[in-house]
Every structure is written in C-alpha cells, then in structure tokens.
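I have placed the structure first, in the form of structure tokens, so that the comments after it can refer back to it.
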Number of protein chains: 2
Amino acid sequence: MLRISKMTDYAVVLATHLAATSGPHAARDLALQTQIPEPTASKVLKKLARAGVVISQRGAKGGYALARRPEQIGINEVIEAIEGPIAVTECSDETTDSFCEYETNCGVRANWQRINLAVHRALSEISLADMAFPGTAELVSIALSGKDAERMRGAGTPNNDVH
Amino acid sequence: MLRISKMTDYAVVLATHLAATSGPHAARDLALQTQIPEPTASKVLKKLARAGVVISQRGAKGGYALARRPEQIGINEVIEAIEGPIAVTECSDETTDSFCEYETNCGVRANWQRINLAVHRALSEISLADMAFPGTAELVSIALSGKDAERMRGAGTPNNDVH
DNA sequence: ATATATCGGACCGTTTCAGTCCCATATTTG
DNA sequence: CAAATATGGGACTGAAACGGTCCGATATAT
C-alpha cells in the first residue's frame with residue numbers, strides 16, 4: 001500500500017533541499033543540484049507552490065523558496081501537495097453510497113478512517129527541518145536563517161546520525 | 001500517497017467477513033455475501049492464502065478460513081498480502097545505488113524509513129477482530145473461536161499457529 | 001524592450017490496475 | 001474408480017494512472 005510515487009519522492013528531495021539551503025532558487029538550479037530532470041522538477045515545484053508549501057517569484061531573478069520556516073512545514077504537506085488529499089477506499093467517496101447494506105463493510109470503512117488518521121499524524125510530526133538536518137533540527141535551522149546557508153550546505157551537517 | 005487500491009479494500013472486506021462469521025467458506029459464497037465479483041474475490045483470496053492470512057481447503061466442501069484467531073491478525077498482514085512489502089522510494093532498492101552522492105538525498109531516504117515504520121506500526125495495531133466487531137473485539141471473537149473453524153484448521157491440533 | 005523564469009495545460013509512451021478466463025490439481029462423494 | 005466440487009497458478013485484456021517532456025502565456029527585473 002504505502003507506495004511512494006517518484007513524483008512525491010522528488011517533492012521531498014526538493015523541499016528538503018530548499019530547507020537546507022534557504023533563499024530563492026530557480027527551478028533549473030534546484031534540478032541540477034538534486035539530479036532531477038529539469039522539466040520534472042519544474043512540474044513538482046509548481047505543485048508545491050500551488051499547495052502553499054513554497055512561494056514562487058516570477059520573472060528574472062525569480063525562483064522558489066519555502067513558504068515558512070523548515071520546522072513549521074510537515075512532510076504531510078509536501079506529500080499531499082503531489083498526491084492530493086489522502087484517499088482511502090472509494091467507499092469514502094460520498095457520491096456513490098451504493099452497497100453499504102452490509103454492516104461489516106461499513107465497519108471496515110470506519111476503520112480505514114482511523115488508519116488514515118494515524119498515518120497523517122505520523123507524517124505531520126516530521127518537519128522539513130528534521131529531513132534536512134536529522135538529529136540537530138532546531139540548532140541548525142536557526143543558524144542558517146541568515147545568509148550563510150551555502151557554507152552550511154558545503155560543510156554538511158556536523159552530526160547526522162541516521163537511525 | 002496513501003492510495004488504497006480496490007483489491008486491498010476487497011481483501012480487508014473479505015478478511016473481515018471471515019472474521020465475523022467463522023468457519024470455512026467457499027470463494028463463491030464470500031463473493032456473494034460481500035458483493036464482490038466472484039473471480040475477483042477468488043483472486044484476492046488466493047493471495048491471502050499464499051500470504052498466510054487465511055488457509056484454504058481444496059476440493060469438494062473446501063473453502064477458506066482465517067489462519068489464526070481474528071485478534072491475532074493485523075491489518076498490515078492483509079494489506080501486505082495484496083500489495084506486497086511496503087515499498088518506499090526506489091532509492092531503497094539496493095540494485096541501483098546510482099546518484100546518492102548528495103547527502104541530502106540519503107538523509108531523505110533515512111527518513112522515509114522512519115515514516116514507513118510508523119505506518120507499519122499503526123496498521124499492525126489494528127486487528128481483524130477490531131474491524132469485525134469494533135468496540136467489543138475480545139468478547140465476540142472469543143465466543144466464536146470454537147465450532148467448525150477448528151475442523152478446517154486441523155482437527156487434531158488444538159493450538160496451531162500454522163500458516 | 002528584452003531577457004528571464006514561473007504558470008498552466010497538452011501530449012505521449014509505459015506501466016500498473018481491475019477484472020476475467022482457463023486449465024491443472026486436490027478432495028469429497030457415490 | 002469416477003464424477004463433482006473448489007482452490008492454485010497464470011495468461012490475457014481494456015482502462016486508467018504514472019513519469020516525463022514540451023510549448024505558449026504571463027509576470028518581473030534590468
């Protein structure tokens with residue numbers, strides 16, 4: 001079930017990259033830095049912009065930047081920006097209330113909702129700051145709120161212990 | 001992302017129905033009772049059997065029954081029986097370690113794993129008994145644990161968790 | 001005015017999904 | 001033994017979604 005589409009993976013990578021570097025970036029730069037094909041990266045960034053995860057600046061010297069601070073953006077926002085609202089079974093689609101005469105089926109449906117809630121919560125508890133700087137989220141993200149983000153990226157995260 | 005396929009939905013409905021009724025059921029009966037097209041239901045049941053969620057009896061008077069008691073089967077088993085092991089990004093595929101030169105990408109990957117763990121745990125904490133009898137899981141499932149379900153599970157062995 | 005860069009959607013090849021069908025195999029029954 | 005029943009394992013197909021590309025329109029800085 002938990003099949004992460006490529007597009008969603010790209011979105012997370014791009015958003016994480018934005019969180020790690022700060023400042024406006026053109027789609028082309030981001031594509032190069034993340035090794036994602038340029039048109040595809042552009043498409044993903046558009047969706048992120050429309051969902052309010054990033055803000056965009058058109059025209060010369062334009063580009064993308066995070067809409068909020070990294071620690072205030074949950075991964076669920078990034079994921080839902082690409083895949084749309086978390087969809088369950090099509091029984092939860094209100095338009096077709098066709099064959100819910102069997103109470104077992106609708107008991108099932110109620111539990112699907114519970115499952116989704118749990119998943120949604122798990123995702124929203126992981127911020128872009130966690131993704132960009134695992135382990136030292138607060139410290140680093142505060143540190144790079146200024147201009148020296150690029151040196152930060154070049155030096156790498158000092159102590160990223162993945163578990 | 002959390003896109004539940006129709007097949008998986010069927011699997012949950014069928015498994016829940018088995019949990020609610022007990023005893024062996026032919027695929028055709030289950031299909032009728034759950035309003036699922038018969039060939040499709042059969043296909044789903046086969047997968048559930050191969051995954052060890054249900055046990056099957058071939059030949060005349062054959063059919064399907066749960067492999068274990070409803071409260072001992074997690075929803076994650078049913079889901080994974082249909083959709084295969086929980087897949088993340090294809091970066092976790094070991095065969096192609098292509099472009100993980102950028103540490104941000106692999107930081108992302110490590111976090112995907114964390115997300116999946118959370119989801120997996122949330123799913124495994126919901127049993128088929130919860131699905132079949134929400135609120136009164138223990139009582140009811142104990143009440144129907146006897147009967148002809150034992151016959152299918154193997155007449156002589158009193159407490160087999162075979163799969 | 002011109003260069004830059006996003007916005008919006010069209011387009012297309014490939015893959016996956018949902019569903020059906022067939023034959024082999026196993027088991028019960030007469 | 002033979003016939004009837006019911007699952008096992010795939011093959012097959014039409015429809016939909018996915019991944020990726022491209023183009024014209026629009027907005028902005030120089």
Side-chain angles (χ1 to χ4, degrees), chain A residues 1-14 18 23-32 34-65 67 79 81-84 87 89-91 93, chain B residues 1-14 18 23-32 34-65 67 79 81-84 87 89-91 148 151-152 154-155:
Chain A
M1 65 78 51
L2 214 155
R3 165 87 58 75
I4 299 297
S5 73
K6 244 178 194 174
M7 288 298 187
T8 303
D9 187 34
Y10 291 160
V12 173
V13 170
L14 286 168
L18 278 175
H25 292 278
R28 184 150 59 103
D29 297 342
L30 289 169
L32 289 175
T34 57
Q35 303 273 74
I36 297 171
E38 185 179 335
T40 301
S42 178
K43 189 180 191 176
V44 170
L45 287 166
K46 287 177 201 171
K47 288 193 176 183
L48 288 176
R50 194 182 299 189
V53 176
V54 304
I55 52 178
S56 62
Q57 176 83 345
R58 290 221 246 185
K61 300 254 180 188
Y64 294 95
I79 293 174
I82 305 300
E83 312 232 4
T89 165
E90 66 185 13
C91 184
D93 177 10
Chain B
M1 86 147 321
L2 214 157
R3 164 87 58 73
I4 299 297
S5 75
K6 243 180 196 172
M7 288 299 189
T8 303
D9 188 32
Y10 292 161
V12 173
V13 171
L14 287 167
L18 279 175
H25 293 276
R28 180 146 42 116
D29 297 342
L30 289 169
L32 289 176
T34 56
Q35 304 272 75
I36 296 172
E38 185 180 333
T40 302
S42 177
K43 188 179 191 176
V44 170
L45 286 166
K46 287 176 200 171
K47 288 194 177 182
L48 288 176
R50 194 182 298 189
V53 175
V54 303
I55 53 179
S56 62
Q57 176 83 342
R58 290 222 242 183
K61 298 256 179 187
Y64 294 95
I79 293 173
I82 306 300
E83 312 230 4
T89 162
E90 66 184 13
C91 182
D148 35 14
R151 181 168 61 108
M152 284 253 347

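Heavy-atom basis, side chains included; hydrogens, waters and symmetry copies ignored. A, B, ... follow the sequence lines: proteins, then strands. Residue 1 opens every chain.
- Out of D:dG8, D:dA29, C:dA18, the shortest distance to the side chain of A:Lys61 is found at D:dA29.
- Summary of the strand contacts: A:Ala60 and A:Glu38 both lie near DNA chain D, and taking for each the nucleotide with the nearest heavy atom, the more 5' one is attributed to A:Glu38.
- For the pair B:Thr40/B:Met7, a side-chain contact is recorded, criterion being any heavy-atom separation below 4.5 Å from C-beta on.
- In this structure, B:Asp29 atom CG and D:dT7 atom C1' are separated by 14 Å, rounded to whole Å.
- Going from atom CG of A:Leu45 over to atom P of C:dA5 covers 14 Å, rounded to whole Å.
- The CD1 atom of B:Ile82 sits 15.0 Å away from the NZ atom of B:Lys6 when rounded to the nearest 0.5 Å.
- Here A:Gln57 reaches the OP1 or OP2 of D:dA29: one of its side-chain N or O atoms lies under 4.0 Å away.
- Side-chain proximity of B:Thr40 to C:dT20, C:dT28, D:dG8: nearest is C:dT20.
- Close to C:dT6, at under 4.0 Å from its OP1 or OP2, lies no side-chain N or O of A:Arg50.
- Residue A:Arg58 places no side-chain atom within donor-acceptor reach of the base of D:dT28, judged by atom type and a 3.5 Å distance cut-off alone.
- The shortest distance between side-chain heavy atoms of B:Leu14 and B:Leu18 does not fall below 4.5 Å.
- In this entry the distance linking NZ of B:Lys46 with P of C:dC22 reads 13 Å, nearest Å.
- Taking CD1 of B:Ile55 as the start and CG of B:Leu48 as the end, the distance is 12.5 Å to the nearest 0.5 Å.
- Minimum heavy-atom separation, A:Tyr64 to A:Ser42: OH-O, 4.5 Å.
- Between A:Tyr10 and D:dG19 there is no side-chain N or O to OP1 or OP2 distance below 4.0 Å.
- Put simply, the side chain of A:Lys43 and the base of D:dG20 share a donor and an acceptor less than 3.5 Å apart.
- In this structure, CG of A:Asp9 is placed 15 Å from C1' of D:dG20, rounded to the nearest angstrom.
- The distance between atom CG of A:Leu18 and atom P of C:dT6, rounded to the nearest whole Å, is 11 Å.
- Distance A:Arg28 CZ to C:dA3 C1': 12 Å, rounded to the nearest Å.
- If you check D:dG8, C:dG19, C:dA10 against the side chain of B:Met7, the one that comes closest is C:dG19.
- OP1 or OP2 of D:dG8 has at least one side-chain nitrogen or oxygen of B:Ser56 nearer than 4.0 Å.
- Annotation: of the two residues near DNA chain C, A:Ala49 and B:Gly59, the 5′-most nearest-nucleotide partner is A:Ala49.
- Here the C1' atom of nucleotide C:dT16 and the CD atom of B:Glu83 are 11 Å apart, to the nearest Å.
- Look at NZ on B:Lys6: it is 14 Å from P on D:dA15, rounded to the nearest Å.
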